[in-house]
Amino acid sequence: MTQFSPVAPARAHDFSLSEAHEGLASLGAWRDYPRVQQPTWPDEDARARVFSQLRGAPPLVFAGEVDVLRSKLAAAATGDAFLLQGGDCAETFADSTADRIRNKIRTILQMSAVLTYGASVPVVKMGRMAGQFAKPRSADEETRDGLTLPTYRGDAVNDFGFTEAARVPDPERLLRMYNTSASTLNLLRAFTGGGFADLRQVHAWNRGFTAGPGYDRYEELAAQIDKAIRFMDAIGADFDELTVVDFYSSHEALLLDYEEALARVDSRSGEIYGCSGHFLWIGERTRQLDGAHVDFMAKLRNPIGVKLGPNASVDDALRLLDRLDPEREPGRLTFITRMGASRIRESLPALVEGVRDAGAQVTWVTDPMHGNTITSSNGYKTRRFEDILDEVVGFFEVHQAAGTVPGGLHMELTGDDVTEVLGGSGHIDEAGLERRYETLVDPRLNHQQSLELAFLVAEMLSRR
Ligand code: PEP
Ligand code: CO
C-alpha cells in the first residue's frame, strides 16, 4: 500500500548563491531568440532591479524534490503512477488566502484518494499553484464600450481593473508573485506534511459531496473507498504514507525574466534548476522550436511539460523531444494534450503513434479544459462538463488503441462552489453561471464537479 516516500528532504547544500551566477550565464541566451507573450516593461531600470533582487532570493523549491518528482513522472509514463495536476487557470494575489488554498489542496487530495482507488497505483499530486500568476493571451488588447486597453496578463504583470493605469506592466509585481508563491508553498508544505493530509480524515471528503444531487451514481465506489480506509484504520495501519503526502507545485513558465531570475545552480551536480516550481510547462502559444521558451527550458533540469493542441504535428512533437529531452530521460518530458472533445479522436492518434514509433517514452497527460472553451449565450466564457469528460474518455480510448499509457490529468479547478462550468450533477445551466462566476480568465470546475470527474475517471482507470 505504500507508495510515497515522505516529502523528500531538501539537501542542505543544494544551492550556493556565490557559485551560482557564473553557471547561470548561458541561461540569458533566450533574450536573443524570438519571444512571444512577454510584457513590455516600461522601465528597464525597474525591471533590472527586480531581477537582481529575485536572483538573490532563496529558491522556492529544491533540487532533491525536483529529482524525486522526475522519477515519479517516469512512473506515470509507464502506468506505474498517475498524475493529477490541478488548480486555477490564473492564481490571483487577492485569492491566495489560507481558506482558498486549503480548499484547493483538499479537493486535489480527495480526487487523488478516489483516483488511487480506481487506478491502484500512486497518484502524483501537483497543484497549478504557487506560481500560476501569468497568462498567455490570444489578443494584446481588450476593448470595452469603445475603450481599448492592453490585455490583462495575470497578476504577475498587470491589474485586472479596466483602467489605463491598471493595465501598465509593473515589474514590482514579479516580487509579489515570488512572495505570494512562497506563502502558498509554505501552506502547502504544512498541510501536506502533517495531519491535514491524513487519509483517514480524507473520507470526510464525501460529506460535502453526498449532499449534492446526482450522487447516487458514485455511492457504491465511495462506499468501497470508505470501507478500505476504515479497514486500514481498524488494523492500526499507521505509517507515514497515511499522513504525509508529496505535493508538487507547477505553473506555466511564461515570464522568462522571472524564471531566469529564479534559476539556481545545484552545487552538487553543477546543473541548473528552475526554482520557481517543481514542474514547469511551456504553453501551446510559446512552444516555437526556434523560440525563447524552448531555448530556455532546454537548459533546466526540471521535468518539463509542453502543451500540444489539435494542430501539433508528429514532426513538432519529435523535434520538441529532440530539443527538450535529447537524452530520452525517463520523466523528463510530459506532453499535455489539449485537443478539444470534438477533435481528440482524430488528432491525438498520429501524435501518440509517431512518438511511440520513434521509440521515445514521454508522459502523456490530458488537459480536457483548453480545447473546450465556449461562450454562453449570456456572455460567459465557459465549458461543458460533458465535453471535458468526453475529452478524457477520448484520451483513454486513443491510448488504449495505440498501446500507450494515459498518464495523467491536467485540470482547471477550485475547491470553492463557484459556477463557471456548465453541467455536472449539480446541473449548472447558463443562468446558473451568473450565481458565482469568479474566475478572471478561464472557467474552473467547482469542488463538486472536480470530485465527480474523479469518480468517472477512477472508473476508467480501473479498466486501464
Ligand atoms: C493554460 O494552461 O491556462 C493555458 C493557457 O493553456 P494552453 O497553453 O494549453 O492554451
Ligand atoms: Co486556462
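As the structure lists them, so they are numbered: ligands from 1, and atoms in each ligand from 1.
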(request) Please say whether the positively charged group of Arg35, taken as NZ for Lys or CZ for Arg, lies over the ring of Tyr33, i.e. under 6.0 angstrom from the six-membered ring centre and within 45 degrees of the axis. (result) no
(message) Does the Lys NZ or Arg CZ of Arg189 fall within the cation-pi geometry relative to Phe62 - under 6.0 Å from the ring centre and within 45° of the axis?
(response) no
(message) I'd like to check Met111 versus Leu413 (side-chain heavy atoms, cut-off strictly below 4.5 Å). Are they in contact?
(response) yes
(request) Around the Co ion (ligand 2), list the protein N/O/S atoms within a radius below 2.8 Å, excluding water molecules. (result) Cys89 SG, His370 NE2, Glu412 OE2, Asp442 OD2
[X] and [Y]: side chain donor to acceptor below 3.5 Å:
X	Y	value
Asn103	Arg106	yes
Glu430	Ser377	yes
Tyr380	Asn378	no

(request) Please find out if less than 6.0 Å separates the ring center of Phe93 from that of Phe133. (result) yes
(request) Taking ring-ring contact (aromatic ring centres under 6.0 Å, His included) as the test, write out the residues that go with His399, two or more places apart. (result) Trp364, Phe395
(message) For Asp80, give me all partners under salt bridge (charged side-chain N to carboxylate O under 4.0 Å, His left out), at least two apart in sequence or on another chain.
(response) none
(message) Using a 4.0 Å cut-off on heavy atoms, what residues surround ligand 1? Order them by chain and number.
(response) Cys89, Arg128, Lys135, Pro136, Trp281, Gly283, Glu284, Arg285, Lys307, Arg338, His370, Glu412
